[in-house]
Amino acid sequence: MNGETGLSPEMMKVFETLPGLYLVLSPDLIMLTASDAYLRITAKKREDVAGRHIFEVFTPGARDQGGRDVANSLIRVINTREPHEIPVARFDFPDPADPAVTRSSYWRTSHTPVLNSRGEIRYIIHFTEDVTAQEVARQQLTASLEEQTRSAAKALQMSNRMEKLVREIPARIAILSGPDWVFEYTNPHFEAFFSQRSLRGKPLLEAMPELAGHEVLKALKHVYDTGETYSGTEMRIPMVRQDGGKPEDHYFNFVYQARYDENGVINGILSFAYNITELVTARELLQESGEEIQATNEELKATNEDLYQAQRNLQKLNEDLEKRVGLRTSQLLAAREDAIRERDRLNAFFMQAPAGICVLDGPEMIFELVNPPYQQLFPGRNLRGKPLLEALPEFAGHPICDILIDIYRTGKTFEGKEVMVPLASNDDGPVEERYFNFIYQAKHDIHGMVDGILVFVFEVTETVLTRRKKEENEKRFRFLLNAIPQQVWTSRPDGALDYVNQVVCDDFGQPMEVIVGSGWNEFIHPDDLGDCLRKWRHALEAGTAYTVEFRLRFKDGDYRWHLGRALPLIENGQIAFWLGTNTNIDIQKDNEQRKDEFLSIASHELKTPLTSIKAFNQMMQRTDDAERLAGFAKKSAGHIFRLEKLISDLLDVTKINAGKMIYNMQPFSLKQMLADTIESVQHMAPSHQLILEHAEDVEYTGDRFRLEQVVSNFLNNAIKYSPGEKEVIINCEVERDNVVVSVKDFGIGIAEGDLLHLFERYYRVDNTAMRFEGLGLGLFISSEILKRHQGSFWIESQPGAGSTFYFRLPLDSHNVAKAKRIGNTFYQDTTITITYYERSHRIYADWTGFQDLDSVKNGCLVLLEMAEKNRCSKIVNDNTHVLGSWSEAVDWVSGVFFPMLEKAGITHLAWVYAPNVFSRLSANKAAGVAAGNIDTQLFTALSEAEKWIDNR
Ligand code: ADP
C-alpha cells in the first residue's frame, strides 16, 4: 500500500487491536479495517467488512437518523478535511445472543481524517463510543416532561460543559514495538506534548533516558512478558519535554496492553496514558474541602479498570468543581423542587386539559402518551403503544400523514383548522367524515433533533356540520325571499338591516350592499320617518310585530305608499332575526283617497235629485190643480230617472269590482242599436241634435244592452260637456275587420294631462267636477264593457273646441292566430311585423292596425324572444301605423315589459310614435316611467330613429 494514500500493515494491526470501536475508511469510504471490538459488537467478521463500502455493509435506513448522521459527518469530513464529532445517536443492533431481538444503544461517534504531505486524506478514522449507560441514566433522570424544566436545562448545560472539558483532556497513545520497545507510533496528543523531542524509531530508554530505573519499566516488562494488561493510576513520572531539558513531575493514569503478531506472539506494547497532572494539582488546591476531596480521591483510585473509567471520574471531578464554583446545593434543590412542581402541573394539565393531547414518539409515530380526552375521540380503540398507522389505519394516504412526516424534517409547528379526516370511533365501526382543529408540535431530543410530535386536537364535527346546515338553510331561505314579488328584508335582533331581496334593489335602483349599508331611513319620506322609527323602536324593545304605512322613494324619485310589516323569529326563547315585508299599496292608497272623495260626491249627487223629488212631492200635496200636478209629476219623474241611473251605475261598479257583471252575447244589428240609443237619449235631451252621420250595417255579436249603455254614456257626456252647443255627430265605420264608433261634440274639450286617466274609476277632470254633476263612473263602466268585447277606446280632444270619443270592436277576434313566422329574424301577424336586421344588428318592430292588451303582449314577447336569440341590443319600435290610439297596455309595457327588455340586454330603444296625442302620451309614459338603464329616445320620423340608433 502506498504510504501517501493508504494504511501500513502495522497501523492496520494497531487499529485492529485497539480496545475501542474503530473503523478505518479510505477517502472513498471503503472500509480498510475494523477493530476486533467493533467486529464483536456488530456481529461481523473481518472479511464481511474489509474492502467493502461502508454503506454497502451498514446501509442507513430511511428513518435511521443515526445512520444518516454518520453519512453526513463523513461527507463533511471529506469536504473539510477537518475532524468531526457526531452528537450522541441511537443505533439498533441485533442482540448477539438472539439476532431476532433488537437492542437500542447510544453512541458518540467521531471521524478524524489523516492527511498526507499534500494535505490529501490518506484515511479516515471512525471512532465510536458506547454511551448507552450514561444515556439511559440521563433519560431516567430526565423523564419526558422534565426535559422542559429548568433543572433539565441546567443539567443539559452542565453535561455539555463536561463533555467539552473531557474532550479537552488529551489521551496519549504510543506503540512500542519489539523487545527494545521502539517508538513505532505516537498520536498527535503525544507528539504535541513532546514537541521538542524526536522519539519515533528510537527505543524507549534511548528516547527517554530519564525513565531509567522507574517502576513503569517494570510494568512494561511484565506486560511484554505475560500479555497481561496493566493499568496504573496517578503514576508520577519525571518527564523531560525537550532533549537535554530538566525532568518535570507528571501524573498519569495509563493502560499498557500487549500486541500480538499473526502467530499470537507478543511483538509490542500499546500505551494509553492520560496526563492528570492538572487534576492532581487541582485536587491539592482543594485540600481543605475534605469530604469532596475524599470522594474524589476514592473515585480517582477506583479508575484502575480502564481509561474510559478514568474519563468518567474526570467528569465527576469537574462536575464537583463546577458545583463549588457555581450552583450551591440549596439552589440546586430548590430548582429541582420547582422542576417537580412544574412537571406535576404539566401532568395535571395533560390529563385534565379540555383538548385531546397525545405524544407520537419516534419515526414510527407510536402513541406514547394519550390523555383521556384524546382517547375519548376513539372510545372503542386501543391506541397506547401502537404506531399511528397501525392504531388508526384510515389515516394512511391522508394528506395529514405527509404533514406529520414533514414535521420530523422541518420541526415546524403545524396548525389545522376544520380539517376533514375520515375516522372511525371503534376498531370495526364505520368510518365517518369528522372535522378537527389541531396543533402538531415537534418534540426534540437533547440534541435538538425531532424525535416525536405533540398533538393537541379538538373535534369540531358538530360545529362544522351545524354551521353548514345553517348556511344551506339560509341560502334556501334567501332564494325563497328573492322569489317573492314584493319587498322583503331581514334584520338582526338589534334591528340592523342585513338583507333585502331583489325587489327592493330593483325599486330603489341600488345594489343590496348599498341599501343594507345605508338602511331604510334614506328611502323613507321625511314626513313618515318619525312615526316609522318610533314604531320600529317599540317593536324592537317589546319583541312584537311591527306595522306601519309609509312612503318609499323609488329610483325615479317618486314616493310610493307601502305597508310595512315585520315579525321577530323566536328561536329558543330568543329573537333570531326579524323578517319584514313592504307591500306597495300606492294604488290602494290612491283609490282610497278617490273613494273618499267619491263618497262625498256620491252623497251629494244622490241627495240633489232626492231633495228635488221631496220638494215636488210637497208641492203636489199642496195643490189640486190637475195641470200643475202633471207638471210636478213629470219633473219629479226626471229626477227619479237620474236617481235610478246613479244607483244603477253604482251597482254596475260593484258588479265589475266583484267580477260579477254578466254579459249576454247575441248577434244584433249595430246600426239598429245605435239608432235606438240615439232616439232614447234624444228624447231626454232636446237641447242638442244627435246626428247619425254615417253608419254601416254590420251584424255584431255582443251584449246589446251593455253596448247601448256605452253609447248612451258617450252621448250623455257629449251633451253634458258641450253646454250651449247644438250638435253631436255620430259615426260608425268598418276598418280592417273592426267596427269603429265615434261621438263628436263641440264642447269644453279635455286637457292632455287628463286624457290617459279618464277611463279610470271615479276619475273626474278637476275643473269640470265643480260645474257638472256626475260620479266619474260612466267611462270606467264603459271601458270595462268594451274590454269584455275585446274592444278598445280612445279620445281626440282639444280644450275649448270639443272632443271625439271612439270605441272599436273587432269583427274577427282571432288575428293573432294568423301569424306567420319565418326563422328567428322575421315575424308577422295582423298587428305587428318584426324584422331582425343582421347588418345593422337591430330589430325593427312595426305595429299595425288596432291594438289591444293581447296583441301588445304577444307582439312584445315575440320581440323579446327575437332580441335574445340574436343577442341584439337595439330596437326601433314604430307606432306610426297603429290605428286609433289606445293606452290600456301602457302600464303593462312600462311595468313589466321594459324590465324584461333590460334583463335581456337591450341597451338602446328608438320609439317612433304616431302624430296623435294618445300615441305621444303612451310613448312618453312608457319610456318615462320604465326606461331604467335602457337609453330610450322618442321620434316622429322613422328615418331619424334609425339614424340615431345606428350611431349608438
Ligand atoms: P261623469 O261624467 O259622471 O263625471 P264619466 O266617467 O262619464 O263621469 O266621465 C269622466 C270625466 O270625463 C268627466 O267628469 C269629465 O270630466 C270627462 N268627460 C267625459 N266626457 C267628456 C266630454 N265629452 N267632454 C269633456 N269632458 C268629458
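Just so you know, ligand 1 is whichever comes first in the structure, and atom 1 is the first atom listed for that ligand.
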Identify, with sequence neighbours excluded, every residue that meets side-chain hydrogen bond (donor to acceptor under 3.5 Å, both in side chains) alongside His688. Ser722

Salt bridge between [X] and [Y], side-chain N to carboxylate O under 4.0 Å?
X	Y	answer
Asp528	Arg551	yes
Lys787	Glu784	yes
Lys744	Glu796	no
Asp652	Arg706	yes

Are Ile484 and Val503 packed together at the side-chain level, in the sense that at least one heavy-atom pair is separated by less than 4.5 angstrom? no

Examine ligand 1 and decide if any of its atoms is less than 4.0 Å from a heavy atom belonging to Gly747. no

Determine, using heavy atoms of Ser722 and all atoms of ligand 1, whether some pair is separated by less than 4.0 Å. no

Could you list which atoms of ligand 1 come closer than 4.0 Å to a heavy atom of [X]?
X	answer
Ile750	25 (C), 26 (N), 27 (C)
Ser803	24 (N)
Gly749	25 (C)
Lys720	1 (P), 2 (O), 3 (O)

For ligand 1, find out whether one of its N or O atoms is nearer than 3.5 Å to an N or O atom of Phe805. no

Report yes if Leu779 has an N/O atom closer than 3.5 Å to an N/O atom of ligand 1; otherwise report no. yes

Would the number of heavy atoms belonging to other residues, nucleotides or ligands and lying under 6.0 Å from CD of Glu696 be above 12? yes

Considering only heavy atoms, does Leu777 approach ligand 1 within less than 4.0 Å through its side chain, its backbone, both, or neither? backbone

